[in-house]
There are 2 protein chains.
Amino acid sequence: MGTAGAEGSGRRRPGRPTRPPLTEDAIARAALQLIDESGWAACTMSRLAHRLGVRAPSLYHHVSGQQEIVDLVRSLVVSEIHDPTLVGRPWPEAMYDFGVAYYRAFTNHPNVIQVLSTTPVRDAPTLQMYETFLQTLHAGGWEGARAFEALLGIEHLALGFAFEWNAEDLMLESAHAAGLGAPLLAEVTRGRTNQSDIAEASYLSLLRRYIEMFRVELSAE
Amino acid sequence: MGTAGAEGSGRRRPGRPTRPPLTEDAIARAALQLIDESGWAACTMSRLAHRLGVRAPSLYHHVSGQQEIVDLVRSLVVSEIHDPTLVGRPWPEAMYDFGVAYYRAFTNHPNVIQVLSTTPVRDAPTLQMYETFLQTLHAGGWEGARAFEALLGIEHLALGFAFEWNAEDLMLESAHAAGLGAPLLAEVTRGRTNQSDIAEASYLSLLRRYIEMFRVELSAE
DNA sequence: ACCTGAACACCGTTCAAGT
DNA sequence: ACCTGAACACCGTTCAAGT
């Protein structure tokens with residue numbers, strides 16, 4: 001897998017271990033990894049720097065600040081979604097595949113949802129992904145504003161259910177603590193083990209209906 | 001009305017103006033107001049205290065910390081949604097009304113979405129609202145886990161579109177900045193004025209289809 | 001060119017002290 | 001009982017030094 005150990009230096013050097021060079025990309029990957037492991041709140045500049053074998057101020061030689069780190073992380077996640085070959089395929093098919101890829105990327109990285117879903121999009125790769133999606137729908141005869149609306153709808157659905165996919169511990173204790181006051185809620189949350197499967201099934205089903213809804217509307221015009 | 005000063009203080013008292021007493025409820029309302037005006041990031045303990053005519057540490061005599069303030073704000077917003085008369089009404093109707101009320105509450109307070117959607121539910125009023133919803137579906141013949149899933153789905157949809165309802169400025173500049181690289185995106189974001197209406201129409205339409213989907217599934221069993 | 005310690009203005013929270 | 005200043009451990013960010 002990673003290039004970390006392989007890169008032409010199998011032999012151990014004397015002296016302190018050389019740390020991998022600090023680059024924008026290395027920072028982005030470390031940030032995503034840190035968020036994946038410990039959540040967004042744990043991704044502070046100093047902790048991120050420490051993980052890279054460096055002090056916090058050093059990061060500012062490679063990125064402009066925390067905001068840019070968010071942009072870089074978004075680009076990284078989007079790279080797992082973006083598929084330029086979408087253009088030219090039938091739009092319902094393309095829309096479904098996009099929706100699934102989007103959902104999968106965020107179930108792979110559930111902890112980034114908190115940051116990315118509440119932060120403006122500013123990075124080129126994400127804007128490019130949007131453009132590709134709009135091109136696909138444009139080729140399918142969609143009007144611009146409507147296509148954009150469909151895009152945002154899919155994003156919200158995917159993010160919501162991907163969040164839920166992982167949200168197991170969000171309200172379980174409180175529901176139990178609520179005890180007598182909310183017996184149905186307490187019972188339901190007690191036995192919830194594989195909500196991941198349910199969330200995924202719900203999402204995929206809803207996505208199909210969402211697409212179907214647009215197909216009907218489009219053909220009615 | 002009545003005599004010169006109802007509540008005994010129509011007359012101006014000498015000395016510094018008496019500030020309203022500091023209570024849990026006053027703190028909660030001030031916090032919601034502050035978030036509505038300036039966003040969650042602006043709702044720091046010291047700014048909140050300042051608005052209440054007091055210093056930050058004073059707040060800790062009435063609330064346990066920022067986490068409890070979030071709980072109180074959630075309870076406040078939920079009080080605009082919760083309708084105990086839901087139980088006993090036909091579930092599709094009740095579900096639709098719940099979905100609309102939920103959406104409206106968060107378009108009324110778009111800035112709280114960022115906090116509330118990424119924070120565990122711990123307050124009794126919200127748990128009670130969930131319980132009422134589950135009771136309604138239970139009376140309609142729903143199985144517990146499925147009902148919970150439907151509830152979460154509606155929440156995600158409503159939150160997503162309510163966020164979008166207000167997200168006007170989220171990616172507009174960047175889309176323009178993207179310029180030549182993303183012409184379709186740039187064009188679409190240029191003319192978007194009343195996205196509120198579009199978002200609401202999309203949401204309501206999707207909500208209806210969501211309910212219809214469950215009705216079909218339920219009657220097929 | 002790039003890393004660093006020290007500094008700055010801010011957080012949330014605690015606590016002994018005042019009244 | 002309730003408000004306060006001072007303090008603590010943390011933020012993100014800047015910058016003059018160092019090499």
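Worth knowing before you read on, the calculation uses all heavy atoms, side chains too, and leaves out hydrogens, waters and symmetry mates. Chain letters run A, B, ... following the sequence lines, proteins first and then strands; every chain starts at 1.
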- Query: With a 6.0 Å cut-off on ring centres, are B/Tyr103 and B/Phe161 close enough?
  - Reply: no
- Item | Residue whose nearest DNA chain C nucleotide is more 5′ - B/His61 or B/Gln67 | B/Gln67
- Query: When all nucleic acid strands are considered with a 4.0 Å heavy-atom cut-off, which category describes A/Thr44: base, sugar-phosphate, or nothing?
  - Reply: sugar-phosphate
- Name all residues meeting the side chain to side chain contact (heavy atoms under 4.5 Å, CB included) criterion together with A/Glu68; count only those two or more places apart in sequence or in a different chain, and write none if there are none. A/Glu24, A/Val63, A/Ser64, A/Leu72
- Along DNA chain D, first and last positions that approach a heavy atom of chain A under 4.0 Å: D/dC11 to D/dC15
- Query: Taking only residues two or more places apart in sequence or in another chain, which ones pass side-chain hydrogen bond (donor to acceptor under 3.5 Å, both in side chains) with A/Arg47?
  - Reply: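 If we apply the side-chain hydrogen bond (donor to acceptor under 3.5 Å, both in side chains) test to A/Arg47, skipping adjacent residues, there are no hits.
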- Could you give me the CA-CA distance, side-chain angles and deciding distance for B/Trp40 and B/Asn111, then say whether side chain to side chain contact (heavy atoms under 4.5 Å, CB included) is met? CA-CA 7 Å; B/Trp40 164 242; B/Asn111 289 342; over 6 Å; no
- Note on the structure: Numerically ordered, the residues 45-54 of chain B set in heavy-atom contact under 4.0 Å with DNA chain C is B/Met45, B/Ser46, B/Arg47
- Message: Can you pull out the residues from residues 34-43 of chain B that lie within a 4.0 Å heavy-atom distance of DNA chain C?
- Response: none
- Task: Starting from the C-alpha separation in whole Å, work towards a yes-or-no answer on side chain to side chain contact (heavy atoms under 4.5 Å, CB included) for B/Arg104 and B/Glu80.
- Result: CA-CA 9 Å; B/Arg104 294 251 180 274; B/Glu80 299 182 16; over 6 Å; no
- Note: B/Pro21 and B/Ala26 closest approach over all heavy atoms is O-CB, 4.1 Å
- Item | Contact summary for B/His62 and B/Leu22, nearest pair of heavy atoms |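 For B/His62 versus B/Leu22, the nearest heavy atoms are NE2-O, 3.0 Å.
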- Is B/Glu131 reaching over with its side chain to a backbone N or O of A/Leu184, donor-acceptor style, under 3.5 angstrom?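 The answer is yes, because a donor-acceptor pair under 3.5 Å joins these two groups.
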- Under 3.5 Å: donor-acceptor pair, side chain of A/Thr126, backbone of A/Arg122: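 It does not hold such a pair.
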- Message: Is it true that A/Glu164 and B/His156 share a donor-acceptor pair across their side chains at a distance under 3.5 Å?
- Response: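 Yes, a side-chain donor-acceptor pair sits under 3.5 Å.
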- Message: Can you work out whether B/Ser58 or A/Ser64 has the more 5'-proximal nearest nucleotide on DNA chain D?
- Response: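 The answer here is B/Ser58.
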- Item | Side chains of B/Phe98 and B/Asp83 in contact at under 4.5 Å (non-hydrogen atoms) | no
- Check the pair B/Gln128 / B/Thr132 against side chain to side chain contact (heavy atoms under 4.5 Å, CB included), numbers first and verdict last. CA-CA 6 Å; B/Gln128 191 52 56; B/Thr132 298; 3.9 Å; yes
- Query: For DNA chain D, what dot-bracket results from Watson-Crick or G-U pairs at under 3.5 Å, with [ ] for crossers and | for inter-strand partners?
  - Reply: ||.|||||...|||||.||
- Message: Could you walk me through whether B/Thr23 and B/Asp25 satisfy the side chain to side chain donor-acceptor pair (under 3.5 Å) test, starting with their C-alpha distance in whole Å, then the side-chain angles of each, then the deciding distance to 0.1 Å, before giving a yes or no?
- Response: CA-CA 5 Å; B/Thr23 65; B/Asp25 189 65; 5.3 Å; no
